[in-house]
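Below, all heavy atoms of this structure are taken into account, side chains as well, without hydrogens, waters or symmetry copies. Letters go in sequence order (proteins before strands), and every chain restarts at 1.
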Protein chains: 2
Amino acid sequence: MSEEEILLQQLFEEEKLTEKQKKIIVAAIESFSEKGYAATSTNEIAKKAGVAEGTIFRHYKTKKELLVSIVAPLMTKLIGPVIVNDFHKVLDRPYEHAEDFLRAAIEKRREIIKKMLPVIKIMIQEIPFQPELREQFLEQIARKTFDRILIVIKSYQDKGQLIEMPTLSAARLVISTIFGYLISRYIFFPESEWDDELETERTIQFIMHGLGKK
Amino acid sequence: MSEEEILLQQLFEEEKLTEKQKKIIVAAIESFSEKGYAATSTNEIAKKAGVAEGTIFRHYKTKKELLVSIVAPLMTKLIGPVIVNDFHKVLDRPYEHAEDFLRAAIEKRREIIKKMLPVIKIMIQEIPFQPELREQFLEQIARKTFDRILIVIKSYQDKGQLIEMPTLSAARLVISTIFGYLISRYIFFPESEWDDELETERTIQFIMHGLGKK
DNA sequence: AATAAAAGTGAGTAATCACTCACTTTTATT
DNA sequence: AATAAAAGTGAGTGATTACTCACTTTTATT
């Protein structure tokens with residue numbers, strides 16, 4: 001199975017898509033992520049997909065509906081691990097040390113981003129301009145991620161593993177550090193050589209102990 | 001002087017602009033940052049500025065030239081403090097403690113972002129799609145900022161104030177943390193209530209000592 | 001095999017796009 | 001005050017835009 005087919009299957013698991021519809025989605029993802037949503041014409045998508053322009057509008061009422069049909073499932077997919085993995089593993093069978101939680105959390109996100117990079121780029125680009133996507137992101141992703149991290153941090157604070165900084169600020173700092181790493185790694189400097197295991201450990205070390213000399 | 005006039009003067013210091021040209025720039029900044037560059041029409045800019053559409057093209061050959069004429073001066077402005085302030089103050093009359101350097105660096109960036117927010121939004125949005133802007137950003141901003149931070153970190157490592165993590169990784173982590181804070185503060189959750197002084201101190205504390213209990 | 005429903009087509013459409021140009025008005029130069 | 005240059009105008013341009021629709025082809029249902 002090709003890379004595109006894997007991405008499609010990941011995103012549209014149970015949805016029934018015709019062959020031409022799949023080609024439209026693949027073409028749209030490629031063009032949207034390279035040129036941006038507004039700068040991509042439906043004509044261009046149709047040509048790249050090898051279908052008639054009318055076929056696009058047979059499946060999607062508008063160009064925006066095509067965009068949303070691609071980005072919305074991504075967000076659903078993104079929030080999955082937050083609810084399932086982090087929650088249960090930490091609270092039911094918790095990682096004993098905060099370090100182990102961080103390591104698992106970073107690895108999981110790295111894996112997702114690696115697979116879904118073009119769609120994630122589209123999401124990041126269009127969230128500021130599409131209220132529909134913006135709302136779904138804030139309510140579904142940002143809020144829930146934040147809430148989970150709050151709970152997890154509180155639990156490690158109670159265990160005495162973390163300092164007593166307000167959980168809200170601590171959460172912000174942890175999230176900034178992790179996503180700062182992943183965004184540097186995959187968006188800003190994907191061309192640089194990265195020793196992922198090493199950088200992950202340094203990121204964890206930084207979160208736990210900072211840069212100051214003991 | 002109105003907010004817009006201050007921003008204009010900051011960005012276009014010595015450049016001679018006619019009154020109508022100023023109105024075009026103000027209108028363009030507003031529309032580009034709200035709807036995005038590609039989704040903004042020159043007709044719309046002209047109407048908002050209260051000028052004829054032809055007037056835009058009297059001053060700018062193309063719509064893209066208008067975009068670049070707004071974002072390029074911002075980048076020049078952004079790199080200023082990196083060369084002047086940080087370099088001289090740290091190396092000639094250095095801040096004795098890394099904390100003091102961080103505090104000054106964060107405050108300076110916060111001040112700039114506060115003033116230039118809409119233009120910064122346009123820059124962030126368009127860098128991925130405009131090779132001209134992308135190159136200027138990587139060469140002028142990213143690279144020089146990184147180089148300076150490397151030097152500064154090295155100097156504090158030599159003073160024994162920082163642990164011996166490779167400066168490259170340390171620089172990445174410091175930059176992620178600072179800009180993670182500023183992006184959360186001004187881009188993601190500008191509506192939330194922020195105690196800026198407190199959050200700045202917590203950010204510094206986090207960089208220096210992490211979250212782990214001593 | 002007959003029928004209906006769904007998928008696919010591509011020429012066509014009105015609206016909008018960035019940009020031009022002949023012309024007028026304002027400003028600077030002598 | 002005369003002249004030239006610069007700034008401003010707005011109707012007009014061909015190209016492109018998202019989207020439609022009457023029609024054909026493919027697939028599913030009986």
Interface with DNA chain C, restricted to residues 20-44 of chain B and to heavy atoms under 4.0 Å: T40(B), S41(B), T42(B)
Within residues 55-68 of chain A, residues whose heavy atoms come under 4.0 Å of DNA chain C: T55(A), R58(A), H59(A)
Carboxylate-amine/guanidinium proximity below 4.0 Å for R103(A) and E201(A): yes
Ring center gap for F206(A) and Y181(A) short of 6.0 angstrom: no
Chain B contact limits on DNA chain C, taken 5' to 3' with a cut-off of 4.0 angstrom to heavy atoms: dC17(C) to dA22(C)
Side chains of R185(B) and S192(B), donor plus acceptor under 3.5 Å: no
Charged N-O contact under 4.0 Å between E34(A) and K121(A): no
Any residue meeting side-chain contact (heavy atoms from CB on, under 4.5 Å) with A49(A), in chain and number order, not counting sequence neighbours: K23(A), I24(A), A27(A), V51(A)
Secondary structure of DNA chain D in dot-bracket form (Watson-Crick or G-U wobble, distances below 3.5 Å, | marking inter-strand pairs): ||||||||||||||||||||||||||||||
F188(B): partners by side-chain contact (heavy atoms from CB on, under 4.5 Å), with sequence neighbours left out: F137(A), I183(B)
Test: K47(B) and E44(B) ion pair at under 4.0 Å: no
R172(A)/E199(B) salt bridge by N-O under 4.0 Å criterion: yes
NZ or CZ of K63(B) within 45° of Y37(B) ring axis and under 6.0 Å: yes
Side chains of Y60(A) and Q21(A), donor plus acceptor under 3.5 Å: yes
Note: K64(B)-E132(B) ion pair, threshold 4.0 Å (strictly below): no
Salt-bridge contact E111(B)-K114(B) (side-chain N to carboxylate O under 4.0 Å): no
